[in-house]
Amino acid sequence: MIIVRAVLLDLDGTLLDTVADLHAAACAMLADLGRPPIAIEDIRAYVGRGIPNLVKRVLAGKLEAADDSTPPPPAALESFRRHYALCNGNATRPFPGVLEGLAALKAKNLPLAVITNKARDFTAPLLARTGLAPYLDLVVAGDQLPRQKPDPMPLVWACGRLDVLPQEAAFIGDSVHDFEAARAAGCSVLLVPYGYNEGRNVRTLPADAIVGTLVEAAAIIAKR
């Protein structure tokens, strides 16, 4: 059995419930465009592939909009970013067990890194406002490298920075994109069932474990 020497973590849907703030920004953007608001349940399904893709999905009203390589309209993207900068962190909270799980992992002297598709301008303030920043040794944002999840590049790069092999890292996420990135990188992968997986059940994915909380994840990792 390979010993886990570092833990990589997704942010939105795994550590933090960010839907309320993203919904507020999306509805404000739609108002700027003279369009009606969107349901918060739709936002929950649209999260996971970065803000440009979220904007595209909101405007199109369908998940498949993210598969189109065409960038979102600049005015809409600028509007969303402006509104999200104002509300980022206002209603966002850690999911139950997150702070306790992070503390348990740190007690094992494991370096922790967040790997997110969220842009740097929003990631750092959010980590500070929610109290997660002190637990983290490294943060890799979505616009920091040429590629983002589900590409394995951010995970492999983070492992290099933490001086561990990808096989020695465990990745904790909430979506198929996290699963694909971890598998491609060579990391073990644990998935939480409460996050944002585009409306799909993560239990259908062949992860190494499905964990109800980060506390449960920490207990599993501690045995490896």
Side-chain angles (χ1 to χ4, degrees), residues 9-95 98 114-133 136 139-151 153-154 173-178 180-181 192 194-200:
L9 306 119
D10 173 57
L11 186 59
D12 294 54
T14 300
L15 299 181
L16 297 176
D17 188 355
T18 56
V19 162
D21 290 335
L22 292 168
H23 179 248
C27 288
M29 174 195 72
L30 290 170
D32 285 348
L33 300 175
R35 297 176 55 170
I38 189 173
I40 194 168
E41 291 81 10
D42 291 330
I43 291 293
R44 189 175 296 275
Y46 293 165
V47 174
R49 294 180 64 177
I51 285 175
N53 280 313
L54 175 61
V55 169
K56 287 163 61 174
R57 285 172 162 174
V58 169
L59 294 178
K62 58 183 181 180
L63 285 166
E64 294 77 15
D67 298 328
D68 183 350
S69 60
T70 304
L77 184 59
E78 188 280 329
S79 172
F80 185 94
R81 290 183 180 275
R82 175 165 43 84
H83 289 296
Y84 190 48
L86 295 174
C87 66
N88 182 26
N90 287 352
T92 292
R93 299 291 182 272
F95 284 104
V98 163
V114 155
I115 314 291
T116 179
N117 285 350
K118 189 184 293 290
R120 278 178 290 188
D121 287 348
F122 302 119
T123 299
L126 186 59
L127 291 171
R129 291 170 187 168
T130 54
L132 300 190
L136 303 173
V139 176
V140 184
D143 55 355
Q144 190 168 336
L145 297 172
R147 300 173 187 169
Q148 57 180 220
K149 299 178 296 181
D151 192 279
M153 178 183 286
D174 71 313
S175 73
V176 63
H177 306 299
D178 294 326
E180 291 174 350
V192 298
Y194 53 72
Y196 318 142
N197 188 33
E198 300 179 338
R200 291 178 282 180

Item to complete: Apply the test salt bridge (charged side-chain N to carboxylate O under 4.0 Å, His left out) to residues R120 and D143: give CA-CA distance (whole Å), side-chain angles for both, the deciding distance (0.1 Å), then the verdict.
Response: CA-CA 7 Å; R120 278 178 290 188; D143 55 355; 3.5 Å; yes
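Rounded to the nearest 0.5 angstrom, L136 CG and L11 CG are separated by 8.5 Å. Taken from CG in L22 to CE in M29, the straight-line distance is 11.0 Å, to the nearest 0.5 Å. Taking OG from S69 and NZ from K56, the interatomic distance works out to 6.5 Å, rounded to the nearest 0.5 Å. If you take CG on N90 and OG1 on T18, they are separated by 12.5 Å, rounding to the nearest 0.5 Å. Separation of atoms OH (Y196) and OG1 (T14) is listed at 9.0 Å; rounding is to 0.5 Å. In this structure, CG in L132 is found 5.0 Å from CG in L16, a value given to the nearest 0.5 Å.
Considering every non-hydrogen atom in both A45 and L63, the closest pair reads O-CD2, 3.2 Å. The two atoms that bring L126 and G89 nearest to each other are CD1-CA, 3.6 Å, heavy atoms only. Nearest heavy-atom pair, Q144 versus V139, reported as atom, atom and distance to 0.1 Å: OE1-O, 3.4 Å. A pairwise comparison of heavy atoms in C87 and A24 identifies SG-CB, 4.3 Å as the closest pair. Between D178 and K149 the shortest heavy-atom distance is OD1-NZ, 2.9 Å. Closest approach of A141 and A119 over heavy atoms only: CB-C, 4.0 Å.
Checked by atom type and distance alone, the side chain of R57 pairs as donor or acceptor with a backbone atom of Y46 at under 3.5 Å. The backbone N or O of N88 sits less than 3.5 Å from a side-chain atom of R129, completing a donor-acceptor pair. Between the D42 side chain and the V58 main chain, no donor and acceptor come within less than 3.5 Å of each other.
Residues I51 and F122 have side chains in contact (heavy-atom distance under 4.5 Å, counting atoms from C-beta outward). In this structure, L59 and L30 have side chains that are in contact, with non-hydrogen atoms separated by less than 4.5 Å. The shortest side-chain heavy-atom distance between R93 and T130 does not fall under the 4.5 Å cut-off. L77 is not listed as a side-chain neighbour of P74, based on a closest heavy-atom distance of 4.5 Å or more. Residues C27 and I38 have side chains in contact (heavy-atom distance under 4.5 Å, counting atoms from C-beta outward).
Defined by atom type and a distance below 3.5 Å, a donor-acceptor pair is missing between the side-chain atoms of H177 and Q148.
The salt bridge (Lys or Arg N to Asp or Glu O under 4.0 Å) contacts involving residues 79-89 comprise D32-R82, E78-R82, where partners must be two or more places apart or lie in separate chains.
Scanning for side-chain hydrogen bond (donor to acceptor under 3.5 Å, both in side chains) contacts around R49 gives D67, with sequence neighbours left out.
Taking 4.0 Å as the cut-off between side-chain N and carboxylate O, K62 and E64 do not count as a salt-bridged pair.
With K118 as reference, D12 is the one residue of D12, D10, D21 to meet the salt bridge (charged side-chain N to carboxylate O under 4.0 Å, His left out) rule.
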